[in-house]
K.L.:
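The structure is given below, and queries will be raised subsequently.
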Amino acid sequence: MSEEQSIRELRLEKLARLRELGHDPFAIERFTLTDTADGLLKRFSELGGDDEDVSLKPEVRFAGRIVSMRFMGKAAFAHISDGDGKIQGYFRKDDIGEYLWEVLNLMDIGDHIGVSGYLFTTRTGEKSIHVRTLDPLSKSLQVLPMGKEKDGHHWYGLEDVELRYRHRHLDLVCNPEARKLLLDRSRIVSAVRRFFDGRGYLEVETPLLQLEAGGAAARTFSTHYNAYDVDVKLRISLELYLKRIICGDVPKVYEIGRVFRNEGVSNRHNPEFTLLEWYEAYSNLEDVMTTVEDLCRFVVEDMNKSSGSTTSSSGVDFSKPWHRVDLLTEIERHTKLTADDLSTLDKAKRALGDREIVNPATGKRIHATDEAHLGGLIEKLLEVFIEPTLQEPTFVVGYPIETSPLAKKDPKRPGFTRRFEAYVLGRELGNAFSEINDPIDQRERFEQQVRERAKGDAEAHPMDEDFLFALEGGMPPTGGCGIGIDRLVMLLTGAEHLREILLFPMMKPGR
RNA sequence: GAGCCGGUAGCUCAGUCGGUAGAGCAACGCCCUUUUAAGGCGUGGGUCCUGGGUUCGAGUCCCAGCCGGCUCACCA
């Protein structure tokens, strides 16, 4: 018999005894709490914690998980956690009586318990609850890897990354830092919603299952729609449906939703990730930049409500306007390749000497000859030479037309579009266009993409006649932007690994 | 997909030259009515990731596989 089974059996025996005593923890549905643990500690004086006369102290009630327990003969101490905070309970056999004393002795670390009593300060100065009655509220049949903690130091906690990802509830219970990151994600998403709601944008939901997944360049996940007996794909972006809504004269819309790209997994990539996209009619690319600046400042201030700071956990100050740079100008600055060098693919390859080029700072290398068109080469140069330099919040403006099939042409620069990408700490955070509203232009762009696809580019955009039909009905000039929520959360929390901000990262079947 | 590293008690980890598996915490028993990484005494607990191989003998060496981490590639 393994120890795990024997512990489980021991705990089942304790559960049976609790039931015999009329304290079946799983039979109870409600326990009314005076306050959270942090609330009780904060309102300690107000709730009679400092009063001399015990008989006059008000009753406080608290419930949570037992996270530590120290029995001392006929008294005991236990820390009870509500997840966000914890408070110590002090139990005396003489105060709770022989009957509840046995109940207490049947409780284990990991069980939920409700207590009532009064607030007081122990001899060692810890604000605690002097317990008068208690109710078991759940029985844990497993040993939780709770560890020990003092002054912010942890011992013997749950370190195994695989276990933390596969059984995230253990991580939430046992690792306060991990818990904070994961919950901060929800707070950030909530702040994003409040930002757009407060500015009159309408939140909408668009289909996840699509006949043709468009709006981005990515490989797809496929499934089958039984009712119509058609193969469908999981969406790779929100864009084309949101712009249909703009065509329907809803001038300010946004969506926060999961998209699926059947690609590699890394610290900064997950096949399913959360995308924020918003579209605003009658606004241009510069307006979108301002919205990005306002959004980031709003969310960071919301995160730092207590201090009012505009600096994120990652050390980026969002109070200042972002840098605005031109893509080709930056490339020339860092590679000495001029706009003329980059005017055709052949010229560019010649300028690069038709050989691999290496960024001396990062060691990254690219092969100019691998690129099928000029736009691809220019974006490669951006990735290798420019991205690492974009530490402060920066908008890079002016992308090549070949890689921007949904962005308006720049009337002043043939071959380039009205598009920017937002960079912070060397990572791309978002992508924005002045949206194409000319259905003839959009059709030509799709046709170009279809030709790329025929040449073997599996990620080229598909033709979307239904979207073109909507454009032909008339779309106002519109600015739009997409921001990877996961990236935004990493940026604002300082998390280095994507999986640290995903509650349930995908894991191969294993242990 | 490639390279490197890892997988030993519930958790965190040792394990020498190949010689019958160790610690702390957790658990269990006893003592202790203001402790807090409580303390003292005692006890139990192992598919050493899996499957082969070498060997008198494998946690340890070899091969294959599984899962994870890191880096790279694709990508946001």
Side-chain angles (χ1 to χ4, degrees), chain A residues 1-11 13-14 67-79 86 88-96 101 108-110 120-126 128 130 140-167 170 174-175 216-219 236-237 259 261-276 362-366 370 379 383 387 421-423 427-431 458-459 482-488 490 496-499 505 507-511:
Chain A
M1 181 196 297
S2 76
E3 193 209 18
E4 191 183 357
Q5 279 171 324
S6 72
I7 285 177
R8 186 187 168 84
E9 280 163 16
L10 266 164
R11 297 210 170 175
E13 283 169 20
K14 289 179 178 179
V67 294
S68 70
M69 220 173 355
R70 294 169 293 283
F71 275 89
M72 305 195 47
K74 296 183 179 61
F77 295 88
H79 275 104
K86 60 185 178 184
Q88 182 174 249
Y90 172 53
F91 306 78
R92 275 170 49 113
K93 189 177 181 183
D94 288 350
D95 291 329
I96 63 176
W101 185 249
D108 290 296
I109 290 174
F120 78 115
T121 304
T122 65
R123 218 174 264 172
T124 50
E126 178 163 354
S128 307
H130 193 123
S140 172
L141 302 182
Q142 300 172 348
V143 180
L144 300 183
M146 205 74 77
K148 299 205 168 192
E149 176 260 323
K150 189 192 184 184
D151 302 333
H153 296 284
H154 291 264
W155 289 266
Y156 319 115
L158 181 64
E159 303 272 328
D160 187 299
V161 176
E162 188 175 352
L163 273 181
R164 290 180 45 226
Y165 292 164
R166 286 190 192 277
H167 306 289
L170 296 176
C174 302
N175 288 329
R219 286 191 281 166
I236 57 173
S237 90
V259 299
R261 300 185 183 175
N262 211 338
E263 289 158 356
V265 178
S266 80
N267 278 351
R268 293 176 185 83
H269 297 89
N270 199 52
E272 59 175 298
F273 66 102
T274 303
L275 198 53
L276 157 70
T362 63
K364 264 195 117 156
R365 53 193 63 209
I366 63 171
D370 289 350
E379 291 220 18
E383 185 189 321
E387 272 187 24
E421 287 188 327
Y423 285 89
R427 294 179 202 162
E428 185 191 339
L429 181 67
N431 183 22
E459 297 182 0
I483 285 184
I485 287 286
D486 311 87
R487 290 278 173 86
L488 178 70
M490 289 177 75
E496 279 299 314
H497 304 269
L498 185 53
R499 287 180 158 194
M507 303 289 278
K508 274 191 174 182
R511 19 191 212 181

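Numbered from 1 within each chain, the chains take letters A, B, ... in sequence-line order.
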K.L.:
Would you say the side chain of A/Q88 and the base of B/U35 hold a donor-acceptor pair, judged only by whether the two atoms sit under 3.5 Å apart?
P.N.:
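Pair found.
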K.L.:
Run the salt-bridge test on A/K14 and A/D108 with the 4.0 Å N-O cut-off and return the result as yes or no.
P.N.:
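So A/K14 pairs with A/D108 through a salt bridge.
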K.L.:
For A/H79 and for A/G430, find the nucleotide of RNA chain B with the closest heavy atom, then tell me which residue's nucleotide is more 5'.
P.N.:
A/H79
K.L.:
Suppose we screen for side-chain hydrogen bond (donor to acceptor under 3.5 Å, both in side chains). Which residues come up paired with A/E126, at least two apart in sequence or across chains?
P.N.:
A/H79
K.L.:
B/A27, B/C67, B/C11: which one has an atom nearest the side-chain heavy atoms of A/L163?
P.N.:
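The answer is B/C11.
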K.L.:
Side-chain N or O of A/N431 less than 4.0 angstrom from OP1 or OP2 on B/A76?
P.N.:
no
K.L.:
Protein-nucleotides 23-25 of chain B N/O pairs closer than 3.5 Å?
P.N.:
unit_1	atom_1	unit_2	atom_2	d
B/G24	O2'	A/Y156	OH	2.5
B/C25	O3'	A/K148	NZ	3.3

K.L.:
Can you tell me if the side-chain N/O atoms of A/R499 get under 4.0 Å from OP1 or OP2 in B/G69?
P.N.:
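Result: yes.
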K.L.:
Taking B/A64 as the reference, what is the distance to B/G69 when you measure between their P atoms (whole Å, please)?
P.N.:
23 Å
K.L.:
For A/D486, which residues count as a salt bridge (Lys or Arg N to Asp or Glu O under 4.0 Å) partner, sequence neighbours excluded?
P.N.:
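If we apply the salt bridge (Lys or Arg N to Asp or Glu O under 4.0 Å) test to A/D486, skipping adjacent residues, the hits are A/R185.
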K.L.:
Among residues at least two apart in sequence or on other chains, which ones pass salt bridge (Lys or Arg N to Asp or Glu O under 4.0 Å) with A/E387?
P.N.:
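Scan of A/E387 (salt bridge (Lys or Arg N to Asp or Glu O under 4.0 Å), adjacent residues dropped) gives none.
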K.L.:
For the side chain of A/E159, starting at C-beta, report the closest nucleotide among B/U12, B/U35, B/C74.
P.N.:
B/U12
K.L.:
Set out, line by line, the N/O atom pairs under 3.5 Å between protein and nucleotides 30-33 of chain B.
P.N.:
unit_1	atom_1	unit_2	atom_2	d
B/C32	N3	A/G73	N	3.1
B/C32	N4	A/G73	N	3.4
B/U33	OP2	A/K74	N	3.3
B/U33	O2	A/R92	NE	3.4
B/U33	O2	A/R92	NH1	3.1
B/U33	N3	A/D94	OD2	3.0
B/U33	O4	A/D94	OD1	2.4
B/U33	O4	A/D94	OD2	2.4

K.L.:
Kindly point out which of B/A26, B/A37, B/G68 is positioned nearest to the side chain of A/K508?
P.N.:
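Between B/A26, B/A37, B/G68, the one nearest the side chain of A/K508 would be B/G68.
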K.L.:
A/R261 or A/H497: which one's nearest nucleotide on RNA chain B is closer to the 5' end?
P.N.:
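The residue whose closest nucleotide sits nearer the 5' end is A/H497.
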K.L.:
Would A/F77 pass as stacked on B/A38, i.e. its ring centre under 5.5 Å from the base's six-membered ring centre and planes under 30° apart?
P.N.:
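According to the criterion (under 5.5 Å, under 30°), no, A/F77 does not stack.
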K.L.:
In whole Å, what separates the C1' atom of B/G18 from that of B/G29?
P.N.:
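The answer is 39 Å between these two C1' atoms.
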K.L.:
Establish whether the base of B/U34 is bridged to the side chain of A/R123 by a donor-acceptor pair shorter than 3.5 Å.
P.N.:
no
K.L.:
Can you tell me which nucleotide in B/U12, B/G69, B/A76 comes closest to the side chain of A/D160?
P.N.:
B/U12
K.L.:
Keeping to residues at least two apart or across chains, list the salt bridge (Lys or Arg N to Asp or Glu O under 4.0 Å) pairs with something in residues 262-273 of chain A.
P.N.:
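Residue pairs passing salt bridge (Lys or Arg N to Asp or Glu O under 4.0 Å), neighbours aside: A/R258-A/E272, A/R268-A/E496.
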K.L.:
Verify the distance criterion only: is there a donor paired with an acceptor across the side chains of A/E421 and A/Y423 at less than 3.5 Å?
P.N.:
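Present: a donor and an acceptor within the cut-off.
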K.L.:
Tell me, do A/F273 and A/V259 make a side-chain contact under 4.5 Å, heavy atoms counted?
P.N.:
yes
K.L.:
Of the nucleotides B/A73, B/G69, B/A38, which has the atom closest to the A/S266 side chain?
P.N.:
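It is B/A73.
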